[in-house]
Structure formats: C-alpha cells, structure tokens
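These values consider heavy atoms only, across backbone and side chains, with no hydrogens, waters or symmetry-generated copies.
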Amino acid sequence: MNHQITDSKWKIKLNHVVSHPFFNGTVITLILINAVVVGLETYPHLYSEYRTEFWIADRLLLWIFTVEIFLRLLAAPHPKTFFKNSWNWFDFIIVSAGHIFAGAHFVTVLRILRVLRVFRAISVIPSLRRLVDALLMTIPALGNIMLLMSIIFYIFAVIGTMLFQETAPEYFGSLQLSLLTLFQVVTLESWASEVMRPIFAELPWAWVYFVAFVLVGTFVIFNLFIGVIVNNVEKVEIAEQEVEETSEELKELRKDVKELKTLIKKQLTDK
C-alpha cells in the first residue's frame with residue numbers, strides 16, 4: 001500500500017514537470033532548432049564541410065526527444081493511458097523511427113525523418129493541436145461538400161468543353177483539360193488574364209460562364225468549407241474547456257478530501 005502511494009506521488013511530481021510551461025517551451029525550442037539544422041543541411045557546401053557536426057546535432061536532438069517521450073510515458077498513470085492519446089502515438093512513432101533507421105544507408109529517408117520531427121510542434125502547442133483536431137473532425141462533413149463540388153465541376157467542365165472547345169482548345173479541348181482549367185479558375189490564379197479574357201475577346205458572352213463558376217465554385221463552396229471548419233474548431237474548444245473544468249473540479253475535490261482527512265485525524269488524536 002505504501003509502495004503504491006510512493007509510486008503515485010513521484011508520478012504526480014513527474015507529471016507536474018512534463019506539463020510545466022517551461023518544459024513545453026524547451027521542447028518547442030528544441031524542435032525549432034531541429035528545423036533550422038535540417039534546413040541548413042539542404043545547402044551542399046555547408047553539409048559537406050560540417051557533416052560531422054550535423055550528425056552529432058541530430059543524434060543529440062534525437063536522444064533529447066527520446067528522454068522527453070520516456071518522461072511523459074513515466075508520468076502517465078499507466079502506459080495504456082499514454083497510448084490512448086493519438087498525439088502521443090504520433091510523437092512516439094516519429095522519435096522511434098529515428099532510432100530504427102539510424103543505420104540505414106538511405107540518406108534521403110533519414111533527412112525526411114528529421115524534417116518530420118518539426119511536425120511535433122503541432123502536438124506540443126495546444127492551439128495547433130486544437131486546429132488539427134478540428135480539421136480531422138471535418139473529414140466526414142467534407143465528403144458531402146466534395147461530392148457537391150465534384151458535381152459542379154463536372155457540369156461546368158462539360159458545358160465549357162461544348163462552348164469553348166474550338167475557341168480555346170488549350171484550355172477546353174477535352175473534358176480533362178476543362179477540369180484542370182476550372183481547378184485553376186477556382187484557385188483564382190490568373191484566371192481572368194490567362195483564361196477568360198482571350199476567350200472573351202472572341203466570344204463577348206463568355207464572361208457569364210466564368211463569373212457563374214467563380215461565384216458558385218469559389219465563394220459558395222469555399223464558404224461551406226470554412227463554415228464546417230469553424231464549427232468544428234468551436235466544438236473542440238468547448239470540449240477542451242469541459243475537460244479543463246472537470247480537471248479543476250477534481251483538484252478541488254481532492255483538496256476537500258485531504259482537508260477532511262486532516263480534520264478526522266485531528267479529532268481522533270484529540271480523543
């Protein structure tokens with residue numbers, strides 16, 4: 001029993017350490033340093049001159065991240081609790097891959113793994129984690145929006161091919177070319193100067209087609225995307241607030257129980 005209490009105490013203390021803002025700030029700083037080191041490696045003259053220093057920096061950062069993951073694993077009430085969190089799995093896999101492929105001869109693979117460590121900033125920074133969680137939550141809802149967008153694209157691509165196949169064969173010569181052109185239009189990348197105006201010069205009514213597609217494809221569909229994402233961000237924030245409130249209530253409850261125990265012990269001692 002005493003052993004369990006002692007074990008619980010050091011886990012609580014270690015949990016305070018790994019959840020402290022200074023600890024998280026240090027991890028974020030190291031992730032940014034790792035990003036800078038990987039960026040510098042892309043310069044051939046620097047990499048060839050300081051190859052050993054880059055290798056040492058990579059090994060050092062990898063082992064620091066390994067110790068950090070190990071501390072967080074120890075601080076968890078149970079290993080299963082640690083691995084229930086998908087972000088912990090993400091961190092664990094990225095750091096473990098650095099050790100697994102350490103002796104590999106594929107230099108490109110090793111460099112990609114180093115770059116992937118920068119993604120750990122998402123799992124460490126709560127605001128970024130909330131945003132990614134919200135984006136993942138939008139995937140089921142985005143399916144219907146993507147289906148609607150595909151229908152709109154297909155209809156406009158067929159109409160565009162029928163109307164402008166002879167006037168602008170480089171843009172609307174076939175169905176696949178029309179789809180690619182509409183993708184350029186929906187991104188609003190030089191759609192007016194490169195695509196619409198040459199056609200508009202020969203067919204003055206062509207603006208109706210392009211304006212209609214931009215209004216429907218860009219403004220309506222993109223606003224649907226944004227609306228779904230914003231809605232899910234709000235849901236994630238509300239869920240996290242509820243978790244924080246529950247955590248605070250538990251802390252208060254533990255404090256009350258501790259005070260009650262102290263009071264009972266005092267009364268028993270007085271008797």
Side-chain angles (χ1 to χ4, degrees), residues 7 9-139 187 189 229 233 236-237 240 244:
D7 186 60
K9 282 182 178 178
W10 71 260
K11 276 184 176 290
I12 291 169
K13 287 180 181 178
L14 188 58
N15 187 52
H16 284 316
V17 172
V18 298
S19 59
H20 196 276
F22 179 77
F23 184 87
N24 290 330
T26 304
V27 173
I28 292 169
T29 303
L30 290 169
I31 290 169
L32 293 176
I33 291 170
N34 179 81
V36 172
V37 169
V38 174
L40 291 173
E41 283 186 19
T42 59
Y43 295 92
H45 63 283
L46 279 176
Y47 184 70
S48 58
E49 188 175 351
Y50 300 102
R51 186 186 296 265
T52 306
E53 286 79 0
F54 279 124
W55 186 86
I56 292 169
D58 175 65
R59 292 290 92 191
L60 182 62
L61 287 166
L62 178 60
W63 277 106
I64 290 172
F65 291 140
T66 304
V67 171
E68 177 236 336
I69 295 290
F70 184 67
L71 289 174
R72 284 167 51 194
L73 181 59
L74 286 176
H78 194 275
K80 288 182 180 179
T81 309
F82 178 82
F83 288 110
K84 277 182 181 178
N85 191 322
S86 56
W87 286 111
N88 290 339
W89 267 110
F90 179 77
D91 293 342
F92 182 79
I93 290 169
I94 286 179
V95 174
S96 299
H99 290 287
I100 293 168
F101 295 99
H105 298 288
F106 304 105
V107 179
T108 306
V109 173
L110 292 174
R111 287 185 177 180
I112 289 170
L113 288 172
R114 292 172 196 168
V115 175
L116 288 178
R117 288 181 211 158
V118 182
F119 272 123
R120 291 205 54 229
I122 298 171
S123 64
V124 176
I125 302 172
S127 57
L128 290 179
R129 196 166 58 238
R130 280 197 298 269
L131 182 59
V132 173
D133 286 339
L135 288 172
L136 292 174
M137 285 175 64
T138 60
I139 291 173
T187 61
E189 176 61 33
I229 292 169
V233 168
V236 170
E237 287 180 349
E240 287 207 353
E244 287 176 3

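- In this structure, F22 CZ and T29 OG1 are separated by 8.5 Å, a value rounded to the nearest 0.5 Å.
- Here OG1 of T81 is found 10.0 Å from CG of L73. Values are rounded to the nearest 0.5 Å.
- Between V95 and T66 the shortest heavy-atom distance is CG1-OG1, 3.4 Å.
- Between T26 atom OG1 and I31 atom CD1 the span is 11.0 Å, to the nearest 0.5 Å.
- With rounding to the nearest 0.5 Å, the separation of CG in N34 from CG in D58 is 7.0 Å.
- When all heavy atoms of E68 and F23 are compared, the pair lying nearest together is CG-CZ, 3.7 Å.
- For the side-chain hydrogen bond (donor to acceptor under 3.5 Å, both in side chains) test, no residue two or more places apart in sequence or in another chain qualifies with S96.
- Counted within 6.0 Å of CZ on F90, heavy atoms from surrounding residues, nucleotides or ligands total more than 12; the atom is thus considered enclosed.
- Ring pair W89/F83 is tilted by interplanar angle, where 30° to 60° counts as tilted.
- P44 and T42 get closest at one heavy-atom pair: CD-O, 3.2 Å.
- Of all heavy-atom pairs between F54 and L46, the closest is CE1-O, 3.6 Å.
- With sequence neighbours excluded, no residue forms a ring-ring contact (aromatic ring centres under 6.0 Å, His included) with Y43.
- Contacts of N88 classified as side chain to side chain contact (heavy atoms under 4.5 Å, CB included), with partners at least two apart in sequence or in another chain: R72, F82, N85.
- Contact detail for A75 and L14: the closest heavy-atom pair is N-CD2, 3.7 Å.
- Here CZ of F65 is found 16.0 Å from CZ of F92. Values are rounded to the nearest 0.5 Å.
- Scanning all heavy atoms of the two residues, the minimum distance from I64 to L30 falls at CG2-CD1, 3.4 Å.
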